[in-house]
Peer 1: 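Take a look at this one; I'll ask things after.
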Amino acid sequence: MSNSKKKGVRLGTRMRGALNDAYDRRGHHSSSLYLVYSVKASRDVVLKGDLEYLHYLHAESDPQVKDITYTEKKLHADLLGVEMAALIDAEVTLRAGGTEWREIKPREAIEQGEENRAHRQILVQQIAARKMGVTHRIITEDTLTKDLTRIENARQIISWIAQARSWPLHEESQYALERLRRKKEMELRQFAECATVDFGKLRASLCVSALMKLAIYGKVGSNLDASPMSARSRFWAAGKVGMQDG
């Protein structure tokens, strides 16, 4: 192959490009920007603030979320005879079927009354959602801070999965499902020890990543919503009722 042949754009270059675009769109605002890996979108995404980052952790760890797009979507609707536009923050495909358009807003912005810009944006979103037959949902910090244990665990879970993003994990997922079918319920350390004996340390880490991915898609059960993640975190075959404490 000729050295002059154009190579694909490297991951680091794409990431820098995504951040630069986000900085340009942010303009003079001082909100934080987060470059993160989305398991549910299978790509790196840029989030434009702390509340959006909390929503990301909440959505990625929600077994009911099958797929999600964090790219802002522009909507148009007629409001009192005037054509108006608004953006939604995320489009979610649910595991049970159906689509949600999500507006991520601080509670204070929602409570300011009918004359504020946020209220007009939400009206446009709701009209467009009804027209398209999708569900419109407003999410504030009240929803996102109810399950802080789940949110904190999500940081670690996504980190595990992101390290294995270049591997398909099909065989490792089948291994995890079979182990749990046979053992019914296992602690994380027990699962990792079994995988190490069967495959060695390197592939055992991929098996753990696969297990985490199965958990956030609801294909295996866990106590990660109720207890901080540790070597004693428990996982069980789907359909089995596991203990939620400890």
Peer 1: For Asp89, check side chain to side chain contact (heavy atoms under 4.5 Å, CB included) against everything at least two apart and list the hits.
Peer 2: Lys48, Glu72, Glu103, Ile104
Peer 1: By side chain to side chain donor-acceptor pair (under 3.5 Å), which residues pair with Glu172, not counting sequence neighbours?
Peer 2: Arg203
Peer 1: Got a sec, which residues hit side chain to side chain donor-acceptor pair (under 3.5 Å) with Gln163, two or more places apart in sequence or on another chain?
Peer 2: none
Peer 1: Look up atom CD in Gln174 and atom SG in Cys207, then write down how far apart they are to the nearest 0.5 Å.
Peer 2: 11.5 Å
Peer 1: Please enumerate all residues that pass side chain to side chain donor-acceptor pair (under 3.5 Å) together with Tyr70, with sequence neighbours excluded.
Peer 2: Glu60
Peer 1: According to ring pair (Phe, Tyr, Trp, His ring centres under 6.0 Å), who are the partners of Tyr53, at least two apart in sequence or on a separate chain?
Peer 2: Tyr34, Tyr56
Peer 1: Please enumerate all residues that pass salt bridge (Lys or Arg N to Asp or Glu O under 4.0 Å) together with Asp67, with sequence neighbours excluded.
Peer 2: none
Peer 1: For residues 213-221, tabulate all N or O donor-acceptor pairs below 3.5 Å that involve a side-chain atom, not counting sequence neighbours.
Peer 2:
none

Peer 1: Identify, with sequence neighbours excluded, every residue that meets side chain to side chain donor-acceptor pair (under 3.5 Å) alongside Glu178.
Peer 2: Arg181
Peer 1: So which heavy atom on Ile68 is nearest to which on Ser38, and how close?
Peer 2: CG2-OG, 4.2 Å
Peer 1: Of all residues at least two apart in sequence or in a different chain, which pass the salt bridge (Lys or Arg N to Asp or Glu O under 4.0 Å) check with Glu187?
Peer 2: Arg189, Arg232
Peer 1: Rounded to the nearest 0.5 Å, what separates atom CG in Leu224 from atom CZ in Arg150?
Peer 2: 11.0 Å
Peer 1: Side-chain donor-acceptor pairs under 3.5 Å in residues 134-141, sequence neighbours left out?
Peer 2:
from	atom 1	to	atom 2	distance (Å)
His136	NE2	Gln125	OE1	2.7
Thr140	OG1	Asp142	N	3.2
Glu141	OE1	Arg107	N	2.9
Glu141	OE2	Arg107	N	3.4

Peer 1: Write out all pairs satisfying salt bridge (charged side-chain N to carboxylate O under 4.0 Å, His left out) with one or both partners inside residues 191-202, taking only residues at least two apart or from two chains.
Peer 2: Arg179-Asp198
Peer 1: Kindly compute the distance separating CD1 (Ile157) from OG (Ser209), expressed to the nearest 0.5 Å.
Peer 2: 11.0 Å
Peer 1: Return the set of residues passing side chain to side chain contact (heavy atoms under 4.5 Å, CB included) with Ala204 (not counting sequence neighbours), or none when no residue passes.
Peer 2: Ala195, Thr196
Peer 1: How close do Leu211 and Ala176 get, heavy atom to heavy atom, and via which atoms?
Peer 2: CD1-CB, 4.3 Å
Peer 1: If every non-hydrogen atom of Ala59 is compared with every non-hydrogen atom of Val65, which pair is closest and at what distance?
Peer 2: O-CB, 3.7 Å
Peer 1: Under the criterion side chain to side chain contact (heavy atoms under 4.5 Å, CB included), I'd like the reasoning laid out for Asp225 against Thr149: C-alpha separation, chi angles, the key distance, then a yes or no.
Peer 2: CA-CA 6 Å; Asp225 280 359; Thr149 298; over 6 Å; no
